[in-house]
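Below, all heavy atoms of this structure are taken into account, side chains as well, without hydrogens, waters or symmetry copies.
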Amino acid sequence: MTQAIRIKITDVSKIYQSETKTVEAVKNFSESVKDGEFVCVVGASGCGKTTLLWCLSGLHPVTLGTVHIDGELLTKPLPDRVGMVFQDSNLLPWLTLMQNIELPFQIKKKPVNHELVEELLEVAGLKGFENSYPGELSGGMKQRGSIVRALAQDPEVLLMDEPFGALDAFTREEMNLFLLKVWEQTKKTIVFVTHSISEAIFLADRVWVMSPRPGRLSRIVDVNFERPRHIDLQFEPRFIEILKSIRKDVEGSKARQGN
Amino acid sequence: MATDNLAEKIPDFNSSAAPKGGNGPVDVTALASIRRAKGFKEIISVLALAVVVVTLLEFILIWSNTEAYVFPKPTAIIQSLFTDFSTLYREPLIQTVQTFFLGLLIGSTIGLSLAVLVTLKPKLDIFISPYIIILVTTPMVALIPFLMLKFGFGITPRVIAISLATGPMVMINSATGFRRTNAELIALGKSYGATEFQLFRKIRFPFALPMIIVGFMVGSIFGLLTAVGAEMVGGGMGLGNRLIYFSSLVQMAQFGAVLVIVATLGVGIYSFFTFVNRKWASWDV
Ligand SMILES: Nc1ncnc2c1ncn2[C@@H]1O[C@H](COP(=O)(O)OP(=O)(O)OP(=O)(O)O)[C@@H](O)[C@H]1O
Ligand SMILES: [Mg+2]
């Protein structure tokens with residue numbers, strides 16, 4: 001297997017500086033993501049997962065180190081290659097679902113790829129809701145909508161920050177299956193941040209475990225379950241074993257922190 | 001839920017709890033949160049009460065033998081409004097409305113531009129804000145005698161005063177709206193490569209629209225007060241001037257009629273912006 005490296009993170013540190021204090025949100029982070037790989041990032045709250053993702057998107061400048069996308073040094077967002085899905089769907093409430101999906105096209109001054117949009121709406125089960133406002137959609141539908149908005153740009157890389165964090169367990173499982181279906185069809189490279197260790201294991205090829213303050217990469221777990229994955233996978237002993245060991249890591253790092 | 005979260009951060013007409021503190025907008029949103037009469041029955045009841053109040057006032061004035069020069073009877077005012085409108089009131093009404101609109105146009109254009117400026121260059125805020133606060137807290141009518149020394153008796157001093165009354169209101173509220181725009185929405189735009197102009201047009205402006213409308217509403221009401229007040233101070237034109245004129249001649253029915261016209265203008269402004277808000281900025285329900 002000699003897949004190309006999509007994202008290369010070299011010794012990245014991100015330090016937030018305010019008048020009163022300095023926070024080392026990410027420290028000496030080095031790793032890479034291969035083409036078509038599904039990586040999940042887990043860690044205790046405040047350990048720097050969002051910060052890492054924003055650094056990968058080019059939305060935050062890194063303090064030290066470098067990020068390369070396809071060998072190119074990242075200095076600003078790459079709207080054509082990297083898509084971002086934010087926590088809390090982030091649909092503009094004054095636009096309909098369709099207008100939300102078309103917004104990135106308008107910003108880029110490109111014609112809307114109607115064929116792709118229609119196809120994605122179909123897969124996402126959002127057909128017939130094109131003219132609904134976000135306030136009229138359920139939480140799960142909004143999340144699917146925001147994923148459709150990102151995928152409609154056909155980016156090679158998808159960065160997702162706890163996209164299903166606000167959903168109930170059932171909707172979340174549904175969303176996970178939806179995401180896997182899309183990913184298996186499109187073979188995007190995905191970096192997916194989550195609080196839920198089991199969600200991470202269920203989705204990922206590899207799980208990055210982060211420890212807090214400073215936010216470091218403390219462990220990498222390969223997840224080799226065959227695909228496509230069934231939702232009952234989470235009850236298999238092998239799955240639970242990995243879950244327990246990652247949980248111990250995350251809790252351990254919290255305990256060391258004393259919080 | 002996601003939307004609840006967002007709604008909390010979005011200032012709107014329905015929330016009377018405008019934030020306090022240095023950067024907060026002028027707390028007048030409560031003015032816009034008055035419940036609207038729903039359905040035929042409620043509207044009829046509201047109108048019926050108004051008729052009862054006016055009729056009661058009429059009878060109290062008759063029973064107490066109040067002279068017309070102390071307090072004019074509602075019927076006398078209404079009669080004057082109908083019979084004398086074209087001869088006594090139309091001209092001054094047009095003058096006041098024209099001055100008001102000119103002042104509003106200039107003031108709100110400058111106010112909105114300054115709001116954009118301090119949003120793009122937050123560092124400028126500390127230089128501009130003190131003057132805005134001074135302008136908001138000073139009654140602009142007080143400037144009229146001073147402005148008249150420089151600009152004479154024409155329309156200019158009044159337009160300037162009205163602009164100074166409306167502009168800062170529009171600015172404070174718009175700037176607050178722009179500044180409060182959800183950081184993730186801005187990041188979303190940036191992740192798609194939006195330019196600063198596109199961020200404004202597609203995200204900041206629509207997000208801030210409810211606040212901007214509140215700014216325009218309060219600014220307009222302040223502007224109307226300033227317009228009428230300025231006409232009372234000097235210049236020989238408009239409804240304000242008529243108030244002084246009729247009261248000095250003790251023509252209280254006519255005085256009352258002008259007062260009713262001024263009040264109607266104020267209510268008109270309020271209704272207009274409430275309507276605009278409901279039509280174009282009611283997305284956060
Ligand atoms: N803009 C900022 N300015 C200053 N400090 C920040 C900023 N953003 C994050 N931090 C700090 O950096 C650290 C990491 O934050 P980050 O949001 O990346 O954590 P996270 O792992 O995403 O947490 P959560 O799981 O709760 O979302 C935290 O201590 C936080 O307080
Ligand atoms: Mg986070």
Side-chain angles (χ1 to χ4, degrees), chain A residues 50 53-54 56-60 76-96 99-110 133-143 145-146 149-150 152-153 155 157-159 161-168, chain B residues 1-15 22-23 122-123 125-126 174 177-178 180-214 275-285:
Chain A
T50 298
L53 211 63
W54 282 50
L56 299 186
S57 71
L59 284 167
H60 272 177
K76 59 174 196 321
L78 301 172
D80 292 323
R81 278 189 275 167
V82 180
M84 183 98 173
V85 176
F86 295 83
Q87 211 166 331
D88 292 345
S89 89
N90 221 6
L91 296 173
L92 308 185
W94 56 88
L95 298 181
T96 63
Q99 290 169 330
N100 264 289
I101 294 168
E102 288 173 353
L103 179 77
F105 291 102
Q106 289 167 4
I107 290 176
K108 295 179 183 178
K109 300 197 167 70
K110 277 187 182 168
Y133 286 91
E136 301 161 354
L137 300 174
S138 74
M141 290 162 95
K142 277 187 277 203
Q143 286 305 345
S146 75
R149 177 174 60 187
Q153 298 305 307
V157 176
L158 208 53
L159 304 174
D161 190 3
E162 299 193 38
F164 309 140
L167 304 179
D168 65 88
Chain B
M1 280 296 291
T3 38
D4 296 343
N5 214 342
L6 196 63
E8 258 174 40
K9 296 174 194 155
I10 299 169
D12 69 327
F13 271 65
N14 304 323
S15 73
N23 289 333
K123 281 186 184 139
D125 202 13
I126 54 164
S174 309
F178 289 146
R180 281 215 206 123
T181 310
N182 189 304
E184 285 208 333
L185 288 182
I186 300 281
L188 174 86
K190 285 188 178 161
S191 80
Y192 290 120
T195 60
E196 201 56 57
F197 177 71
Q198 283 177 319
L199 285 181
F200 248 100
R201 205 165 59 107
K202 305 263 184 208
I203 296 172
R204 278 194 205 275
F205 188 79
F207 189 95
L209 197 55
M211 284 294 299
I212 295 174
I213 292 171
V214 168
F275 170 79
V276 167
N277 181 64
R278 202 161 278 136
K279 192 102 174 122
W280 284 292
S282 58
W283 40 265
D284 55 340
V285 282

Would you please indicate if the ring centroids of B:Phe178 and B:Phe207 are separated by under 6.0 Å? no
Counting N and O atoms only, with roles assigned by atom type, does the side chain of A:Gln99 sit under 3.5 Å from a partner on the main chain of A:Thr96, one being a donor and the other an acceptor? yes
Between A:Asn100 (side chain) and A:Leu91 (backbone), is there a donor-acceptor pair under 3.5 Å? no
Would you mind checking which part of B:Gln198 comes under 4.5 Å of any heavy atom in chain A, side chain (CB onward), backbone (N, CA, C, O), both or neither? side chain
Verify whether one side chain among A:Asn90 and A:Ser146 offers a donor that lies under 3.5 Å from an acceptor in the other. no
Measure [X] against the heavy atoms of chain B and call it side chain, backbone, both or neither at under 4.5 Å.
X	result
A:Gln106	both
A:Leu103	side chain
A:Lys110	neither

For a quick test of reading the model, state the closest non-hydrogen atom pair linking B:Leu185 to B:Ile203 and the distance between them. O-CD1, 3.4 Å
If you count heavy-atom pairs under 4.5 Å between each of A:Gln87, A:Gln153, A:Lys108 and chain B, which one has the most? A:Gln87
